[in-house]
Number of protein chains: 2
Amino acid sequence: MARRSDHTREELKILIIEESWNIIEKHGFEGLTARRIAKNIGYAPGTIYNLFSSMDDLYLQLNSKTLDLLLAILSSPKCNDPKKTPIKNMKAMAHRYMEFAKEHRPYWLMLFNLKVTENRTDAGWYHEKVDQLFTPLEKLLEPYFTSKQGKKRKIAARVLWASVHGLCFLQETGKITIVSEQDTAPDMAGYLIDTFISGIKNNH
Amino acid sequence: MARRSDHTREELKILIIEESWNIIEKHGFEGLTARRIAKNIGYAPGTIYNLFSSMDDLYLQLNSKTLDLLLAILSSPKCNDPKKTPIKNMKAMAHRYMEFAKEHRPYWLMLFNLKVTENRTDAGWYHEKVDQLFTPLEKLLEPYFTSKQGKKRKIAARVLWASVHGLCFLQETGKITIVSEQDTAPDMAGYLIDTFISGIKNNH
DNA sequence: ATTGAAATTGAACAATGTTCATAAACATTG
DNA sequence: CAATGTTTATGAACATTGTTCAATTTCAAT
């Protein structure tokens, strides 16, 4: 039996989340089970339920971690370089998003897992976190809108972002037949951004 | 014990699919279990495995049915009206897609279910079916491209479609914070289409 | 009638999330 | 230090799941 003083409640919570993270990396989301986590950290399955109300609750915490990672990437200087044009930054942003989805596929896919999604209990902080993801793109869109068009800009950011995500999603789940080998998903995202921004300029 | 001559193999297959369809409508995807299907049609659980290699196989067949429905909707005269402008038709198409996602949510969500997606065995006919979904939009895009720009048009169709889908997905899974009550997802799709098409015109 | 193939069965298996009485570990008190 | 109370860990137990497969039943052919 694990000593009660081995870890504080908070330490144990982190321990479980981190071990889950590793399991997912090795065995994918399907490989993540309460029993496996418990075994790996030297506790009994029941212990997990002392710290998380359910597996879904744990999934939510894991998603939170993923969102943190994503926000860090989208906020990084590489796609917010003042020396580059906004369009170039946007393309870099899209590129890095797709890169993230590819490299951290299981974590990224979890974000859109049905069960996790329908967890609308304490959706407050979670939704705010998702909302935060739009801000880097919103900033890049500033040059194309007047200061009075804040709402329009917000909408544009969300629409463009949803588009990039849609492209990434269909690509990553193999639902899209890429027309030719040369037209990779990032290229298509580039095309999308060029066209969309060109359209925005046109409408002024 | 159910008589062997009650149904032919093919009849039974259809029976299972239709009963599954009803179960999903009533109890969602989560409510769909081998035992429940069997019980409802008066057979034993094992029988299902005589006709489908696994539950995932059955899911694939169900998705196929959903894709048929979707194609029918996207091909319908309501969004392919020669009297209307292409843009209006596109907006109608996006609108109907989103409507479909809302009304047939469980079926629509199943299309993007991980497990079902990773079934890459007989992905041939399935992928072709998905590919078919793009053709209505491709046709609507004809006026904006020369006959030599067939490939460009294909790409545009996929990009635009992915965008609409992304919008729909984030909206339907509650991942997007709509800026205000007035800006519904269909409105945002309209904005997307207007801007995107405007951008296409610009680039010629 | 007999034989043989084909279809149906349902008990059995392994694995899952989850619960909860029990026991252990610690903190507090007298 | 002993006794008591509280918190935490446990792991067996429960209900479900997909899935398998030897046994049984059904039916056509002989």
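Reminder, nothing fancy here: chain letters follow the sequence lines and each chain counts from 1. Only this structure's heavy atoms are used, side chains among them; waters, hydrogens and symmetry mates stay out. If you're wondering where the values come from, they're calculated on a predicted model, not measured in any experiment.
- At distances below 3.5 Å, not a single donor-acceptor pair connects side-chain atoms of A:T135 with backbone N or O atoms of A:D131.
- Counting heavy-atom neighbours within 6.0 Å of B:K65 NZ, excluding the residue itself, gives a total above 12.
- Closest to the side chain of A:N50, from the set D:dT8, C:dT18, D:dG11, is D:dT8.
- Atoms CG and CE, from B:L160 and B:M90 in turn, are 7.0 Å apart once rounded to the nearest 0.5 Å.
- Looking at the side chain of B:Y49, the nearest of the listed nucleotides D:dT20, C:dT9, D:dT10 is D:dT20.
- A heavy atom closer than 4.0 Å to some atom of DNA chain C occurs in B:R9, B:L12, these being the qualifying members of residues 7-14 of chain B.
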Nucleotides 22-30 of chain D: protein proximity per nucleotide (B base, S sugar-phosphate only, - neither; heavy atom, under 4.0 Å): ---SBB---
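- In this structure, the separation between OH on B:Y191 and CG on B:L167 is 11.5 Å, given to the nearest 0.5 Å.
- With both pairing distances under 3.5 Å, C:dG30 is matched to D:dC1 as a Watson-Crick or G-U wobble pair.
- Nucleic acid contact for A:T47: base, since at least one base atom lies under 4.0 Å from a heavy atom of the residue.
- Side-chain rings of A:F169 and B:F169 approach one another, their centers coming within less than 6.0 Å.
- No hydrogens or angles considered: a donor-acceptor pair under 3.5 Å links the side chains of B:Y126 and B:N63.
- Contact annotation for B:L51: no contact, since no heavy-atom pair falls under 4.0 Å across all strands.
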